[in-house]
Colleague: 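Pasting in a structure now, in structure tokens, and then I'll have a few things to ask.
Every chain is numbered from 1 and lettered A, B, ... according to where its sequence line falls, protein lines coming before strand lines.
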There are 2 protein chains.
Amino acid sequence: MVRLSRLLPDGRRHVMGFAMVGDFLGLALPERYNVTVEALSPTALCRFERRPFANLVAGKPHLLRKLHERAGYELTLAQDHMTLLGRRTAEEKVASFLLTMRDRYALVGQGSVTVALPMGRQDIADHLGLTIETVSRLLTRLDREKALLIVPGGVRLTNLDRLENLAAA
Amino acid sequence: MVRLSRLLPDGRRHVMGFAMVGDFLGLALPERYNVTVEALSPTALCRFERRPFANLVAGKPHLLRKLHERAGYELTLAQDHMTLLGRRTAEEKVASFLLTMRDRYALVGQGSVTVALPMGRQDIADHLGLTIETVSRLLTRLDREKALLIVPGGVRLTNLDRLENLAAA
DNA sequence: CGTGCGTTTGAGCTAATTCAATAGGAGTGG
DNA sequence: CCACTCCTATTGAATTAGCTCAAACGCACG
């Protein structure tokens, strides 16, 4: 898994998201990116040179169509995340994040009630617009309330109903 | 100008953005939208039926390419807004919003230091992840500090440096 | 058995919210 | 032209969710 992040001039950091196996980075294709990508776990990736890739796409309408579909999907995800950032409480953010991760693992055949979290607490905080302390506190609280179990390297979601209730969009 | 918004099940509202003359809605093209679009000022718009439009695009790679470019642009805007929502203070949000509006007017030849705000304070609040009171208070404060002047239907940005400083990304 | 780094926990603080009251127009009718 | 209503915006006071600062914990690694 890799982390996509940006650093604000004053040192604050925004983690735009996490990419996993199968994800395509660079859909937006702007002239110049301003994103830092860092591996959180051993990662194999496939790199396309900008120019040749643009040429390839130009000759393959099907491919372009797929890319556009994908970009549209990313856009709706981005919109959902905006709603999350702007209008939800810390607890809802954390619950929602965990469920999103679970769903994404499920999509690549890693479906399980145990969710690996290769990113650190600070990464989660910077992704959800919270502080590391708040993330840590909420995870311990959800653990105490038996909504989940904190395990090494991740969490086990022991009460999906409760979490889904919190995350309800 | 039109307002794009979504209602959360519990009544909270998220204003995803505002579209102005020249903007294209529906780039993401998902099967089903979940967005409410409402006019804030007299608006003329051009509607394409989904099916015929998809067919048209299928036959015009150039067009698809333009749409994809545009979607990529929207995606970067969405990412910027996420950073805004997650990692900036209320004052920074408001300053940034006003400057963004000014820039968008400029792009369509309406460049001026006076920025029309056809949306209400509540709309701005729901867009920035704030409350109406906070938006109102900050606008009055920026007015008192001579960074801007509140005028009927909008604001006049009297100290761009100050605002740009606040919005600095 | 230390050392270093990420996480957890505690205590106090503050930016923004909530709750509540007031003020400012725009539109309507007498 | 004034009185009244409605709706949005502003202002004030009190509250709080989440932050900041600081300390302790846990564990992997040498």
Colleague: For a quick test of reading the model: is some side-chain N or O of A:Arg121 closer than 4.0 Å to OP1 or OP2 of C:dT8?
Modeller: yes
Colleague: Looking across every strand, which nucleic acid part, if any, lies under 4.0 Å from A:Thr140 by heavy atom: base, sugar-phosphate, or nothing?
Modeller: sugar-phosphate
Colleague: Please examine the side chains of A:Val135 and A:Phe97, heavy atoms only from C-beta on, and report whether any two atoms are closer than 4.5 Å.
Modeller: no
Colleague: From C:dA20, D:dT20, C:dT8, pick the nucleotide closest to the side chain of A:Ile132?
Modeller: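 Shortest atom-to-atom distance from the side chain points to C:dT8.
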Colleague: Between the base of C:dC19 and the side chain of B:Glu133, is one N or O donor paired with an acceptor at under 3.5 angstrom?
Modeller: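 Checked by distance alone, the answer is yes.
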Colleague: Please state how far atom CG in A:Leu128 lies from atom C1' in D:dC19, giving the value in whole angstrom units.
Modeller: 15 Å
Colleague: How many Å lie between CZ on A:Arg137 and C1' on D:dC21, as a whole number?
Modeller: 11 Å
Colleague: Quick check: closest heavy atoms across B:Asp126 and B:His14, and the distance to 0.1 Å?
Modeller: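 Nearest heavy atoms, B:Asp126 then B:His14: O-ND1, 3.7 Å.
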Colleague: For the backbone of A:Ser136 and the side chain of A:Thr140, can you confirm whether one donor and one acceptor N or O come within less than 3.5 Å of each other?
Modeller: yes
Colleague: Do the side chains of B:Arg104 and B:Arg102 get nearer than 4.5 Å, heavy atoms only?
Modeller: no
Colleague: If only side-chain N and O atoms of B:Thr131 are considered, is one of them under 4.0 Å from the OP1 or OP2 phosphate oxygen of C:dT17?
Modeller: yes
Colleague: Round to a whole Å and report the spacing from CD of A:Glu91 to P of D:dC19.
Modeller: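 It is 14 Å, rounded to the nearest whole Å.
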Colleague: Measure NZ/B:Lys93 against C1'/C:dA16 and give the value in whole Å, please.
Modeller: 10 Å
Colleague: Measuring to OP1 and OP2 of D:dG18, would you say a side-chain N or O of A:Thr134 lies under 4.0 angstrom away?
Modeller: no
Colleague: Any N or O donor-acceptor pair under 3.5 Å from the base of C:dT17 to the side chain of A:Arg87?
Modeller: no
Colleague: Determine the contact category for B:Gly153: base if any of its heavy atoms lies under 4.0 Å from a base atom, sugar-phosphate if only primed atoms, P, OP1 or OP2 are that close, otherwise nothing.
Modeller: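 The answer is nothing, as B:Gly153 stays clear of every strand by at least 4.0 Å.
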Colleague: Under 4.0 angstrom, heavy atoms only, what part of the nucleic acid is A:Leu130 near: base, sugar-phosphate, or nothing?
Modeller: sugar-phosphate
Colleague: Taking only the side-chain heavy atoms of A:Ile150 (C-beta and beyond), determine which of D:dC21, D:dT10, C:dT8 contains the nearest atom.
Modeller: C:dT8
Colleague: Give the rounded distance in Å between these two atoms: CE of A:Met119 and C1' of C:dG6.
Modeller: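 So the two atoms are 15 Å apart, to the nearest Å.
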Colleague: Looking at the base of D:dT10, is there any donor atom on it, or on the side chain of B:Arg144, that sits under 3.5 Å from an acceptor on the other one?
Modeller: no
Colleague: From the set C:dA16, C:dT9, D:dA9, return the single nucleotide nearest to any side-chain atom of B:Ala90.
Modeller: C:dA16
Colleague: Would you say the ring centroid of A:His127 lies under 6.0 angstrom from that of A:His81?
Modeller: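 Yes, ring centres under 6.0 Å apart.
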Colleague: How close or far is atom C1' of D:dA9 from atom CG of B:Leu139, stated in whole angstroms?
Modeller: 10 Å
Colleague: Using atom CG of B:Asp143 as one end and atom C1' of D:dT11 as the other, report the distance to the nearest whole Å.
Modeller: 14 Å
Colleague: In this structure, how many angstroms lie between the P atom of C:dG6 and the CD1 atom of A:Ile124, rounded?
Modeller: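 Distance check: A:Ile124 CD1 to C:dG6 P gives 14 Å.
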